[in-house]
Amino acid sequence: MELIRSKIEEKLAQKIPFVCYAKPDSNQVIGLFQRSNQNHNFDPTAAGFCMVSFEGNTQLFIPESDTDCYFETFSAKDFLWTEVKPEFESDAKVHFESIVAKAVNAIEAGELHKVVLSRKEMHSFDSSQLYATFERLLALYPTAFRYFWYHPDSGVWMGATPEQLAKKVGTTVKTVALAGTQVGSLESLLQWGEKEIREQQLVTDYIVSSLTPVTDSITISEPYTHQAGSLLHIKTDIEAELNSNWEAVVKTLHPTPAVGGFPKSVALQFIAENEGYDRRFYAGYLGEWNKNFGTYKSGDSDLYVNLRCMQWENDSLSIYVGCGINAGSIPEKEFMETVHKAATVKRAL
Ligand SMILES: C=C(O[C@H]1C=CC=C(C(=O)O)[C@@H]1O)C(=O)O
């Protein structure tokens with residue numbers, strides 16, 4: 001991908017926004033490189049690519065009108081599937097387990113049903129490896145939405161997310177309910193526990209009730225197991241017909257209980273008061289807005305939840321990971337789940 005690589009290097013040096021991405025199961029990278037160094041405000045009526053923070057208060061936008069668009073196919077190089085040791089810092093473990101225990105108490109006291117707690121790991125990183133890291137993400141996680149984003153207001157973000165926030169094709173809205181995690185492959189799948197099944201059903205119920213006022217004819221698949229790298233999740237596909245505007249659908253869905261919790265406002269308050277750090281764009285969403293650059297169809301959108309991601313800014317690399325807490329969550333087990341999620345990102349480094 002020499003063309004995409006040289007454009008990435010040029011725009012990074014010039015500090016001009018760009019995004020390169022490959023959609024799930026595609027070996028084509030779409031590169032949107034801004035021509036000017038202007039900072040564009042997010043305009044919901046325009047076409048382009050958006051990057052929205054978890055709290056929704058920062059909305060970065062690369063508009064089609066100021067963009068050169070490149071396509072390049074890649075053939076995934078063979079990377080050795082190196083096992084990354086599940087390493088962590090003991091202070092991080094103590095802090096995370098204490099907030100999980102606090103959340104379990106709040107859930108058992110009936111204050112909320114579920115909350116997704118997260119943390120960030122900092123690592124040293126040689127920035128000359130950024131492009132190579134993206135190539136490894138492309139190869140390692142073919143079923144994920146893989147991206148490399150840069151904007152002077154956010155620094156570099158990169159990831160391979162298994163979760164679609166929502167997709168608009170004509171007047172049809174497609175989304176998924178994703179939750180529950182186990183380490184392994186479809187061949188080694190263990191029976192899902194009651195806790196995971198309940199947790200995922202909560203996400204499905206939330207999405208369906210959020211979509212009910214803004215769509216018609218909702219159809220829901222049976223839950224099935226989805227492989228995301230070395231992790232497995234429970235997934236349900238949901239489809240509906242728009243009867244309102246697309247922006248209303250996105251606003252009502254984000255953040256889903258897969259990254260926030262339920263009830264939404266109580267969970268968000270719990271996160272703000274207890275997590276102790278700023279999620280920034282982790283668990284926010286990103287993607288094509290009002291234009292599918294793959295099919296070149298205007299009016300279509302394709303948005304993903306920003307999970308299994310990392311940020312490189314001011315010479316340091318942060319990896320963001322979280323997990324859903326509900327009644328019966330065991331703090332140490334939940335912490336180890338975040339360690340395994342971090343390992344999926346570290347494998348690309
Ligand atoms: C919040 C994350 O994952 C979500 C998506 C799938 C499964 C999840 C879980 O099992 O907790 C999380 O809800 C993350 O990867 O940081």
Side-chain angles (χ1 to χ4, degrees), residues 24 54 92 96 99-100 103-104 107 112-121 137 141 143-146 157-165 175-184 189-190 192-207 223-237 253-262 264 267-268 270-271 275 277 279-286 304-311 318-331 333-348:
F54 173 69
F96 194 77
I99 59 171
V100 172
V104 172
I107 291 165
L112 73 171
H113 287 288
K114 173 183 175 175
V115 60
V116 179
L117 294 176
S118 69
R119 62 187 183 90
K120 133 176 141 170
E121 279 187 11
L137 282 179
Y141 303 116
T143 61
F145 177 82
R146 296 139 289 167
W157 283 77
M158 212 185 275
T161 173
E163 185 167 354
Q164 175 118 56
L165 176 67
T175 182
V176 300
L178 191 81
T181 300
Q182 56 175 274
V183 180
L189 173 70
L190 304 173
W192 287 104
E194 210 190 299
K195 173 186 168 287
E196 283 84 12
I197 293 173
R198 200 176 47 224
E199 183 179 341
Q200 195 267 347
Q201 186 63 44
L202 194 75
V203 180
T204 306
D205 293 347
Y206 165 84
I207 292 177
Y224 59 94
T225 302
H226 173 79
Q227 178 102 49
S230 55
L231 302 178
L232 298 168
H233 302 299
I234 310 173
K235 187 171 176 180
T236 300
D237 296 317
L253 287 178
H254 175 75
T256 68
V259 291
F262 189 77
K264 196 191 256 195
L268 295 185
F270 190 94
I271 290 169
E275 253 181 12
Y277 86 106
R279 290 185 173 193
R280 309 265 333 257
F281 294 91
Y282 160 70
Y285 60 91
L286 76 164
Y304 294 84
V305 183
N306 195 13
L307 298 178
R308 319 292 144 84
C309 61
M310 60 189 131
Q311 174 197 23
S318 308
I319 295 176
Y320 295 77
V321 276
C323 58
I325 311 303
N326 52 23
S329 284
I330 299 162
K333 232 178 126 203
E334 301 299 344
F335 177 76
M336 286 316 292
E337 185 176 316
T338 65
V339 171
H340 286 294
K341 285 178 176 163
T344 67
V345 179
K346 285 187 202 162
R347 222 166 258 140

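We count ligands from 1, going down the list as the structure has it; atoms in each ligand are counted the same way. Side-chain atoms are counted along with the backbone in the values below, which use heavy atoms only and exclude waters and symmetry mates.
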Is [X] close to ligand 1, meaning an N/O of one under 3.5 Å from an N/O of the other?
X      : result
Lys114 : no
Ala179 : no
His233 : no
Tyr320 : no
Glu163 : no

Under a 4.0 angstrom heavy-atom cut-off, which atoms of ligand 1 come close to [X]?
X      : result
Arg308 : 3 (O), 5 (C), 6 (C), 14 (C), 15 (O)
Glu199 : 9 (C), 10 (O), 11 (O)
Cys323 : 11 (O)
Val116 : 1 (C)
Glu337 : 9 (C), 10 (O), 11 (O)
Val321 : 16 (O)

Looking only at non-hydrogen atoms, which of Gly260, Gly322, Ala228 approaches atom 2 (C) of ligand 1 most closely?
Gly322
What protein heavy atom sits nearest [atom], and how far away is it?
atom                    : value
atom 11 (O) of ligand 1 : Gly324 N, 2.7 Å
atom 10 (O) of ligand 1 : Thr181 OG1, 2.5 Å
atom 16 (O) of ligand 1 : Tyr282 OH, 2.6 Å
atom 8 (C) of ligand 1  : Lys341 NZ, 3.4 Å
atom 12 (C) of ligand 1 : Ala258 O, 3.5 Å

Trace of the side chain to side chain donor-acceptor pair (under 3.5 Å) decision for Tyr320 with Asn306:
CA-CA 10 Å; Tyr320 295 77; Asn306 195 13; over 6 Å; no
Does the distance from a Lys or Arg side-chain N to an Asp or Glu carboxylate O, for [X] and [Y], drop under 4.0 Å?
X      : Y      : value
Lys333 : Glu337 : no
Arg119 : Glu121 : yes
Lys195 : Glu334 : yes
Glu163 : Arg308 : no

Look up atom OG1 in Thr175 and atom CG in Asp237, then write down how far apart they are to the nearest 0.5 Å.
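So the OG1 of Thr175 and the CG of Asp237 are separated by 9.0 Å.
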Residues passing the salt bridge (charged side-chain N to carboxylate O under 4.0 Å, His left out) test with Lys114, sequence neighbours excluded, are Glu199
With side chains defined as the heavy atoms from C-beta onward, is the minimum distance between Thr344 and Leu231 less than 4.5 Å?
yes
Side chains of Leu286 and Phe281: closer than 4.5 Å at any heavy-atom pair?
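Sidechains of Phe281 and Leu286: no contact.
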I'd like to know if Glu196 contacts ligand 1, where contact means a heavy-atom distance under 4.0 Å to any ligand atom.
no
Tell me whether ligand 1 is touched by Gly180 - counting only heavy atoms on the residue side and a distance under 4.0 Å.
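Under 4.0 Å: yes for Gly180.
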Please check this pair: side chain of Glu196 against backbone of Ala179, looking for a donor-acceptor N/O pair closer than 3.5 Å.
no
Does Leu190 offer a backbone N or O that forms a donor-acceptor pair with the side chain of Gln182 under 3.5 Å?
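Confirmed, Gln182 side chain pairs with Leu190 backbone.
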Heavy-atom distances under 4.0 Å decide this one: backbone, side chain, both or neither, for Val203 against ligand 1?
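The answer is neither.
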Stepwise, does the side chain to side chain donor-acceptor pair (under 3.5 Å) test hold for Gln227 with Thr143?
CA-CA 8 Å; Gln227 178 102 49; Thr143 61; over 6 Å; no
